[in-house]
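A quick note: this is a predicted structure, and the numbers were derived from the prediction, not measured. First listed ligand is number 1; within each ligand, the first listed atom is number 1.
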Amino acid sequence: MNPNLLQTPITYLKGVGPNRAQTLLSELGIQTYEDLLSLYPNRYIDKTRYYKITELERNSAEVQLIGKIVHLKTIEQKKGKRLVATFIDDTGEMELVWFRGQKWIKEQLQINVPYVIFGRTNWFNGTFSMPHPDMELLTDHEQGLRIAMQPIYPSTEKLSNKGITNRVLSNLMKQLFSETKGSFTETLSVQLLEDLKLISRSEALFNIHFPRDQHMLARAQFRLKFEELFYIQLQLISKKLLRKQKIKGFPFSEVGTYFNTFYKDHLPFELTGAQQKVVREIRADLGSNAQMNRLLQGDVGSGKTIVALMSMLLAIDNGFQSCLVAPTEILANQHFNGLKELLGAMDINIALLTGSVKKSDRKGIHEQLESGQLHILVGTHAVLEHKVQFHNLGLAIIDEQHRFGVAQRSKLWHKNDIPPHILVMTATPIPRTLAMSLYGDLDISVIDELPPGRKPVKTVHRFDANRLKVFRFLKDEIKKGRQVYVVYPLIQESQALDYKDLMDGYESMARDFPLPQYQISIVHGQMKSEDKDYEMNRFVKGETQIMVATTVIEVGVNIPNATVMIIESAERFGLSQLHQLRGRVGRGADQSYCILMTGQKLSAEAKTRLQTMVRTNDGFEIAEVDLKLRGPGDLMGTQQSGLLNLKIADIVKDNDILKTARYYAIQVLNEDPGLQFEKNKALRVMYARLLKHKNIWNYIS
Ligand code: ADP
Ligand code: MG
C-alpha cells in the first residue's frame with residue numbers, strides 16, 4: 001500500500017463532505033485517514049454470544065438470550081401501567097418489561113414460542129429484568145444476516161446533533177477499509193510478531209473495528225496495546241542509553257578520607273541491608289563516566305538521609321560540591337540540622353539557604369559557594385535560582401521529588417557545563433510499573449526495609465461517635481509520657497470552613513484536656529511563621545503533650561516521643577497523604593498508633609482508603625491501591641508525560657503488557673541500539689516517524 005495514502009485528508013473519503021469534515025475535526029480531532037483509523041471503539045455489542053439466564057451478571061451490559069415467554073400480565077401502578085412477561089430458558093426465569101406501546105406489543109407477542117432477545121438487564125427484587133428488549137423469533141433470527149460484534153465509537157452531543165451517529169462512523173470506517181483494501185504497513189518486526197504471536201497490523205486494525213469474535217478482538221487489542229507501549233518504552237530506553245553514552249558525568253573515582261572517616265568513626269548505626277545496597281548502586285554510578293540520574297524510593301523513615309549524606313561525602317572526596325534541595329523550609333531546616341549532627345566534628349562546610357536567610361548572610365554563602373570553600377549547600381528551591389552559582393557542583397540531591405516539576409530538575413543542569421549527578425529522593429512511593437513509564441529514563445533504587453527495632457504503627461478506624469473512648473486512650477498514652485498529634489484537613493477550596501473545624505476541634509480538646517495538667521500546641525497555615533515555630537518548639541521540647549494542626553506538619557517533623565496520630569475527617573484525605581501523616585509516628589522505640597476518625601457516612605472509595613490504611617503499612621502497596629482508585633491522572637508527572645493520552649492501552653490495567661513491552665524494548669535495543677539491522681527496519685521507520693511527528697511519545701524532557 002502507498003504509505004502516504006493514510007495521510008490523505010479525510011474530505012477525500014466518500015461520505016465526508018466539508019461539513020462533516022469540520023465536525024470530525026472539531027469534535028474528534030480527525031484530519032486524515034489515519035486519524036479516523038485510530039478512532040478505536042469504546043466498546044462492542046457482542047451478538048456472537050447467547051447467554052443463559054443463570055449466567056447473567058449484575059453489570060447491566062447488553063446481552064442476548066434465547067428462550068420463551070410463558071406468562072404475560074399487565075401491572076397497574078400509580079405511575080402508570082406496565083406490561084410484564086415471564087421469560088424462561090432451560091436454566092431459569094426472568095422478566096421482560098414494557099412501559100410504552102403495550103397494547104401493540106401484547107398483540108404481537110407469542111406465548112411458548114422461542115425468541116432471541118437482546119438488551120440491557122437490571123437486577124431488581126431478586127430477578128433480572130430487561131426493559132424494552134429487541135426481540136426476534138428464533139426462526140427469523142436463524143435466517144437473518146447477523147453482524148458479530150458491533151463497534152460503539154466515542155460520541156459527543158455535537159456529533160449526534162450533526163447526524164454523525166454511531167452508524168455513520170461505522171459506515172465511514174467500512175468505507176475507509178474498502179478504499180485502502182485494509183492493507184496497512186507493518187510497524188513491528190517479524191521477530192516481535194513471531195515471539196509474541198501477534199497478529200499483523202492490518203488484521204489488528206480490522207478486528208479492532210469489526211471483530212470477528214471475542215477471541216480476535218482480544219488479539220487485536222493485545223497487539224495494538226503492545227505496540228503503543230512498546231514504542232513509548234523504546235523511546236525512553238534509547239534516551240537512557242544515549243544519555244549514558246553521550247552525557248559525560250564527573251567520575252568520582254576516589255573513595256577517600258571523608259567517606260571512610262565517616263563510615264568508620266561517625267556512622268551512628270549500622271546500615272540496613274537495603275541502605276547498603278543503595279549506597280553500592282550509587283557508588284557504581286558515580287564511579288562510572290556517565291552522569292547519574294537516579295530515583296531513590298524509600299518509605300517514610302526508611303533512612304534516605306544517611307544515603308544522601310554518604311553520596312555527598314563521595315563528591316567531597318573527589319573535590320566537588322553538592323547540594324540538597326527540599327520542598328519546604330521546615331524540611332530544609334531539618335535536613336540541615338540533621339546533617340550537621342551526623343557530621344559531628346568532621347571538617348566539612350555546610351550552609352543553609354532558604355527564602356528567609358537574611359540578605360547579608362546570603363552574600364557570604366554565595367561567595368563561599370563560588371570560591372569552592374563550601375562543600376554542601378542545603379536549601380529550598382532558592383538554591384535553584386540563577387544567581388546561586390557553584391564553584392563545581394558535582395552532585396545534586398532532590399528530596400520529595402513530587403513537589404518539583406521536571407522543569408525545576410532541569411535547572412540544575414544549567415549550573416555547570418557538565419551536568420551534575422542527580423539523585424532524586426521520594427517518600428511517596430510510585431508504583432513500580434508507573435515509575436517505569438514515567439521515569440523510564442531514570443535508574444531506580446529502592447530502600448525496601450525499615451531500620452531494625454521499629455514497631456509497625458497500629459492503625460484503626462473509629463467513628464466520631466466513639467470519640468470519648470479515643471480520648472480516654474489518649475489520656476493513658478499521655479500518662480505514659482507520650483505525645484499526640486491531632487490533624488485536621490486543610491483543603492484549598494474551603495479554607496475558611498476547615499479553619500473553623502480546626503478551631504472547634506481545638507476548643508473541644510481544650511475542654512477535655514484542661515490546663516494545667518494538659519498543654520496543647522496549635523499550628524496552622526494562617527499563623528505567622530515565628531508563632532508556628534514557637535508552638536512547634538514547645539511540642540518538640542515536650543512542653544506540650546498535644547499538637548493540634550492542619551496538614552502543615554505533613555512533612556518535616558521528627559519527634560520520636562510522639563506515638564499517637566489522630567486524623568480527623570480522615571475520609572477527606574487521599575491515601576498517600578494519610579500514609580505520609582502516619583509516618584510522623586512510629587519513629588521511636590515505643591508502640592505507636594494511628595487513629596482514623598470519620599463520620600458514619602462514607603463513600604465506597606473512602607471506605608477502601610480507610611481499609612487499606614488499616615490493613616497495611618507498606619507504602620508501595622498503598623501506592624498501588626491509590627493508583628487504582630484515582631487513576632494516573634492525579635499522580636505527579638503524569639500530566640506532562642502524555643501517559644493519559646494513550647489511545648488504547650491503560651497504564652494501570654495493562655500493567656502486564658507494559659512489562660512485556662519494556663522487556664522487548666530492552667532486548668531490541670541491547671542487540672541493536674541504533675535500530676540499524678535490516679530485520680529492525682519496520683521499527684526504525686516507525687520510530688523515526690514518531691520523532692518527526694512530535695506526538696505524544698515525545699514527552700520526556
Ligand atoms: P527518611 O527516609 O524518611 O528520610 P530518615 O533518613 O529521616 O528517613 O531516617 C529516619 C530515622 O531513622 C532517623 O531518625 C534516622 O536516624 C534513623 N535511621 C536511619 N537509618 C537507620 C539505621 N540503619 N538504623 C537505625 N536507625 C536508622
Ligand atoms: Mg526524609
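Comparing Thr305, Thr272, Leu296 by heavy-atom distance to atom 6 (O) of ligand 1, the nearest is Thr305.
Scanning all heavy atoms of the two residues, the minimum distance from Val457 to Gly586 falls at CG2-CA, 3.9 Å.
In terms of protein heavy-atom proximity, atom 17 (C) of ligand 1 is nearest to Arg454 NH2, 3.7 Å. The protein atom (non-hydrogen) at minimum distance from atom 3 (O) of ligand 1 is Gly301 N, 2.6 Å. Atom 8 (O) of ligand 1 has Gly303 N, 3.2 Å as its closest protein atom, hydrogens excluded (heavy atom only). For atom 20 (N) of ligand 1, the closest non-hydrogen atom of the protein is Gln275 NE2, 3.0 Å. Protein heavy atom closest to atom 22 (C) of ligand 1, with residue, atom name and distance, is Phe269 CD1, 3.2 Å. Distance from atom 2 (O) of ligand 1 to its nearest protein heavy atom, with residue and atom name: Lys304 NZ, 2.7 Å.
Ring planes of Phe320 and Phe252: parallel class, angle under 30° (limits at 30 and 60°).
For ligand 1, the atoms closer than 4.0 angstrom to any heavy atom of Glu270 are 22 (C), 23 (N), 24 (N). Atom numbering of ligand 1 starts at 1 in the shown order; those under 4.0 Å from a heavy atom of Leu271 are 23 (N).
Distance remark: protein heavy atom not present below 4.0 angstrom from atom 13 (C) of ligand 1.
Salt bridge Asp285/Arg294: present, at least one basic N to carboxylate O contact under 4.0 Å.
Using modelled atom types, one side-chain atom of Ser603 and one backbone atom of Ala606 make a donor-acceptor pair closer than 3.5 Å.
Ligand 1 has Ser302 within reach: a non-hydrogen atom of the residue lies less than 4.0 Å from it. Using 4.0 Å as the threshold, Asp299 has a heavy atom nearer than that to some atom of ligand 1.
Phe473 and Tyr593 have their aromatic ring centers within a separation under 6.0 angstrom.
His366 places a side-chain heavy atom less than 4.5 Å from the side chain of Lys387.
With rounding to the nearest 0.5 angstrom, the CD atom of Glu367 is 14.0 Å from the CD atom of Gln389.
Both tests pass for Arg283 against the ring of Phe259: distance under 6.0 Å to the centre and angle within 45° of the axis.
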